[in-house]
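What follows is a short report on a single structure.
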Amino acid sequence: EAGVAQSPRYKIIEKRQSVAFWCNPISGHATLYWYQQILGQGPKLLIQFQNNGVVDDSQLPKDRFSAERLKGVDSTLKIQPAKLEDSAVYLCASSLGHFFSPLHFGNGTRLTVT
Amino acid sequence: GENVEQHPSTLSVQEGDSAVIKCTYSDSASNYFPWYKQELGKGPQLIIDIRSNVGEKKDQRIAVTLNKTAKHFSLHITETQPEDSAVYFCAASVGTGNQFYFGTGTSLTVIP
């Protein structure tokens, strides 16, 4: 099966600019996650979708981050305006959403804010 | 919410030796514990997982043990090889919401 696709792989922007990341999950996976991974740390959940509804966005900085999941499939994560501390790898993951369903990760987008 | 601690943060072993990584969790409702391997420039990949009703699970050179009473679980890699060098993450999940909480990672280096 095709894995989780993410684009772009790398992005460099200046602070206060905006940026968007795209994710296409594994076909049939109901649950989609966006994680932020700062260098040397574990992934931190930003938002979780079940189909096209939000399950958990408690750690999403809503003043600058937004996310949507179109028709319960693809998803985009946007940052506007970006800050230096947003420099990180943004990982998208998907799962079947059943009990004991593991996460399947994409290769991430490495964002550098200068 | 759940808090997952992982130790050690770095681990170096000689090729052929065993490596052990330990994690503890705080939420007794957590019932699913996957382990992920992350190579440079790639996303984490699932290598093994265990459910709370099982004490141990093995897959070739990799094994995971779970002690629910003590709320800790461990990854064991035997006969390590250079290609085992990577960052390993443990995670805990409360099955009802499929929410996953990750440890801070262990950078494993296998010295040829």
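Chain identifiers are assigned alphabetically (A, B, ...) following the order of the sequence lines, protein sequences preceding nucleic acid strands; residue numbering begins at 1 within each chain. The structure displayed is predicted, hence computed values, not measured ones.
- Ring centers of B:W35 and B:F73: under 6.0 Å apart, within the cut-off.
- Between the side chains of A:Q36 and A:Q41, no donor N or O sits under 3.5 Å from an acceptor N or O.
- Nearest heavy atoms, A:I47 versus A:F49: CD1-CZ, 3.8 Å.
- The number of heavy atoms from other shown groups lying within 6.0 Å of CG (B:L40) does not exceed 12.
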For a quick test of your reading: what N or O donor-acceptor pairs under 3.5 Å do the side chains of residues 13-28 of chain B make, sequence neighbours left out?
residue: B:S26; atom: OG; partner: B:E2; partner atom: OE1; Å: 2.8
residue: B:S26; atom: OG; partner: B:N3; partner atom: N; Å: 2.9
residue: B:D27; atom: OD1; partner: B:A29; partner atom: N; Å: 2.9

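- Atom NE2 of B:H72 and atom CD of B:Q6 lie 14.5 Å apart (nearest 0.5 Å).
- Less than 6.0 angstrom separates the ring centroid of A:F105 from the ring centroid of B:Y36.
- Side chain of A:E68 to backbone of A:N52: no donor-acceptor contact under 3.5 angstrom is found.
- Side-chain contact between A:Q80 and A:R64 is absent, with no heavy atoms from C-beta onward closer than 4.5 Å.
- Residues B:Y32 and B:L75 do not share a hydrophobic cluster, clusters being chains of Ile/Leu/Val/Met/Phe/Trp/Tyr side chains in contact below 4.5 Å.
- For B:Q38, the part lying near chain A is the side chain, with the backbone staying farther off; criterion is any non-hydrogen pair under 4.5 Å.
- Residues of residues 100-112 of chain B having a heavy atom under 4.5 Å from any heavy atom of chain A, listed by number: B:F100, B:F102, B:G103, B:T104.
- Taking 4.5 Å as the heavy-atom cut-off, the residues of residues 106-114 of chain A that approach chain B are A:G106, A:N107, ordered by number.
- Residue B:P34: no heavy atom, backbone or side chain, is found under 4.5 Å from chain A.
- For the pair A:C92 and A:Q6, the tightest heavy-atom approach, listed with the atom from each and the gap, is N-OE1, 3.0 Å.
- Most heavy-atom pairs under 4.5 Å with chain A, from the set B:S9, B:P44, B:G43: that is B:P44.
- Of the listed residues (A:P102, A:G42, A:G40), the greatest number of heavy-atom pairs within a distance under 4.5 Å of chain B belongs to A:P102.
- Along residues 46-71 of chain B, the residues that come nearer than 4.5 angstrom to chain A, judged on non-hydrogen atoms, are B:L46, B:R51 in order of number.
- Within the 4.5 Å cutoff, the side chain of A:Y90 has heavy atoms near those of the A:I79 side chain.
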List the steps, then state whether side-chain hydrogen bond (donor to acceptor under 3.5 Å, both in side chains) holds for A:S75 with A:W22.
CA-CA 6 Å; A:S75 178; A:W22 174 82; over 6 Å; no

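- Salt-bridge annotation for A:K62 and A:D57: present, with a side-chain N of the basic residue lying under 4.0 Å from a carboxylate O of the acidic one.
- A:L60 is connected to A:L32 through a chain of hydrophobic side-chain contacts under 4.5 Å among Ile, Leu, Val, Met, Phe, Trp and Tyr, so both are in one cluster.
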